[in-house]
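Below, read A as the first sequence line, B as the second, and so on, with proteins coming before strands; counting in each chain starts at 1. Every heavy atom of this structure was used, including side-chain atoms; hydrogens, water molecules and symmetry mates were not.
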2 protein chains.
Amino acid sequence: MDINQIIDTIYPLTTASKNLIKKSITECNFPKGHILFKANKIETSIYFIKKGIARAYAYSDDNQITFWFGKEGDPIVSMQSYVNNQKGYEDVELLEDCELYELKTERLQKLFLEDIHIANWGRKFVELELIKSEERLISLQFNTATERYLALLKKYPSIIQRVQLAHIASYLGITQVSLSRIRANIK
Amino acid sequence: MDINQIIDTIYPLTTASKNLIKKSITECNFPKGHILFKANKIETSIYFIKKGIARAYAYSDDNQITFWFGKEGDPIVSMQSYVNNQKGYEDVELLEDCELYELKTERLQKLFLEDIHIANWGRKFVELELIKSEERLISLQFNTATERYLALLKKYPSIIQRVQLAHIASYLGITQVSLSRIRANIK
DNA sequence: AAAACTATTTAACAAATGATAAAAAAGAAA
DNA sequence: TTTCTTTTTTATCATTTGTTAAATAGTTTT
């Protein structure tokens, strides 16, 4: 997805303000398997996905638990780094060869203080992330694993082709064995 | 908690900007049991809790599921209304007699467009809510019911005295019976 | 194609949680 | 206090999910 569309979808900007943001953005490519964010590190950039798919995971005891997927158009952010300048608890792994837009956090923070339109764009950016986070929270708390699986399929049908079931299972809050059972019962 | 402290804790403002916000805030009191937000309604205000405690819940089939608690200093926001001007899915019930600060959303939106400091205050406000939402998401996805219960107790010890176990159980994503069992096993 | 590796499913049993009903405890009202 | 109501716990059984191991399916390498 093109950077213009990504920026515009978040919040409409004046041409001047939009150019200020775009001047701070660079493009970069990474291969499948690349670890973009490392846990226990302060991340200094946020990214937007032009092409590809990624996941964020953290460890519980010895096993990875995926708690976020991102696809074309989605932002990749370590929120603890972005908001509090603190170490994040997650790795972000690219699940396909990816084309990304990179934006330095420090540069963006500066723009927030200088340009009111960009400040409101940044406000809206986080507001939209918050809505997503709340939706996911509600889904985890209100729905059964089977319902969550069906909802994920409906919202994002191609994820089955693009992501291993083990990652999807942990995203749904269950084991891979349990997801296999659920899939067997649905058919 | 005093409104000055609440505003300052979110993001430092110039005196002028802070006064602009404060001029838009009114105080109001409601008795225990008052329903502050109604589901399927566009809420036109956000609140901050000066004194008291509240919960947000939605229905799953016929039973209420609590997914948020707010106490002194916390904001009360229907995010769907605040962000998208759309109907929310939650009721908010006051669990004690409450003293609240009220801020009209429309008024705040106007300030966001006029004052860059307030725009950044509003950005920070949502960022902090997002961090909380992510923490809760991780807790639901990574930890067992027992671990979530112990974490809640640790983070907010007095909740046991102030809130019924039925509400706490649904907040933890389990039934009240299950929470009773967990409590029995811990001692 | 055969071998090696990875991903997914199935099976068997254990543990955790849900559902329902009843008992006990705690609080509120008469 | 006594009664009435609400809240919390306990008991029983059904269902779901976890754990471990093995079997199957699918890919990649040689």
Side-chain angles (χ1 to χ4, degrees), chain A residues 31-35 53 55 57-67 69 93-97 138-153 157-187, chain B residues 31-34 53 55 57-67 69 93-97 139-153 157-187:
Chain A
K32 172 174 175 172
H34 178 71
I35 304 296
I53 188 167
R55 73 174 179 121
Y57 62 90
Y59 283 88
S60 177
D61 301 313
D62 267 347
N63 44 348
Q64 300 180 351
I65 299 186
T66 298
F67 61 91
F69 290 116
E93 177 194 8
L94 306 183
L95 301 176
E96 298 174 353
D97 293 348
I138 297 285
S139 150
L140 265 180
Q141 199 178 343
F142 282 60
N143 302 127
T144 63
T146 304
E147 290 168 339
R148 297 200 296 276
Y149 175 66
L150 292 174
L152 179 66
L153 277 193
S158 67
I159 196 170
I160 292 296
Q161 279 78 49
R162 299 178 81 179
V163 177
Q164 290 181 197
L165 289 177
H167 296 154
I168 293 177
S170 76
Y171 178 83
L172 295 172
I174 54 180
T175 59
Q176 172 158 12
V177 174
S178 193
L179 178 57
S180 255
R181 260 187 306 227
I182 286 170
R183 283 161 57 86
N185 284 334
I186 283 172
K187 288 164 198 165
Chain B
K32 172 176 177 171
H34 179 70
I53 189 167
R55 72 175 179 120
Y57 62 90
Y59 284 89
S60 178
D61 303 313
D62 267 349
N63 43 349
Q64 300 179 353
I65 299 184
T66 298
F67 62 91
F69 291 116
E93 177 194 8
L94 306 184
L95 300 176
E96 299 174 352
D97 293 348
S139 149
L140 265 180
Q141 200 178 343
F142 283 60
N143 302 127
T144 64
T146 304
E147 289 167 340
R148 297 200 297 277
Y149 174 67
L150 292 174
L152 179 66
L153 278 193
S158 67
I159 196 169
I160 292 296
Q161 279 79 47
R162 298 177 81 179
V163 177
Q164 291 180 198
L165 289 177
H167 297 154
I168 293 176
S170 77
Y171 178 84
L172 296 172
I174 55 179
T175 59
Q176 169 157 12
V177 173
S178 193
L179 178 56
S180 255
R181 259 187 307 225
I182 287 171
R183 284 161 56 86
N185 284 333
I186 284 171
K187 289 164 198 165

Closest to side chain of A:Val177, choosing from C:dA19, C:dT10, C:dT17
C:dT10
Distance test, side-chain N/O of B:Thr175 to OP1/OP2 of C:dG18, below 4.0 Å
yes
Winner on side-chain proximity to A:Gln176, out of D:dT17, C:dT8, C:dT17, is C:dT8
What do the steps show when you test B:Ile186 against B:Leu150 for side chain to side chain contact (heavy atoms under 4.5 Å, CB included), and what is the final call?
CA-CA 9 Å; B:Ile186 284 171; B:Leu150 292 174; 3.7 Å; yes
Could you tell me the separation between the CG atom of A:Asp62 and the C1' atom of D:dT19, rounded to a whole number of Å?
15 Å
Euclidean distance, atom CG of residue A:Asn185 to atom C1' of C:dA11 [Å, nearest integer]:
14 Å
note: A:Asn63, atom CG; D:dG18, atom C1'; distance rounded to Å ~ 12 Å
Within the distance-only criterion (no hydrogens, no angle test), does the side chain of A:Gln141 pair as donor or acceptor with the backbone N or O of B:Thr66 below 3.5 angstrom?
yes
Does OP1 or OP2 of C:dG18 have a side-chain N or O of B:Ser178 closer than 4.0 Å?
yes
Show your reasoning for whether side chain to side chain contact (heavy atoms under 4.5 Å, CB included) applies to A:Phe142 and A:Glu147.
CA-CA 9 Å; A:Phe142 282 60; A:Glu147 290 168 339; over 6 Å; no
5'-most contact on DNA chain D (nearest-nucleotide basis), A:Gly173 vs B:Arg183, goes to B:Arg183
Given atom CD of B:Gln164 and atom C1' of C:dA26, what is their separation to the nearest angstrom?
12 Å
To the nearest angstrom, the CG-P distance between A:Leu179 and D:dT17 comes to 11 Å
Could you walk me through whether B:Arg162 and B:Leu95 pass the side chain to side chain contact (heavy atoms under 4.5 Å, CB included) test, one step at a time?
CA-CA 8 Å; B:Arg162 298 177 81 179; B:Leu95 300 176; over 6 Å; no
Rounded to whole angstroms, how far apart are NZ on A:Lys32 and C1' on D:dT27?
11 Å
Could you check how far CD1 of B:Ile160 sits from C1' of C:dA26, rounded to whole Å?
15 Å
Let me know the distance between CZ of B:Arg181 and P of C:dA16, rounded to the nearest Å.
10 Å
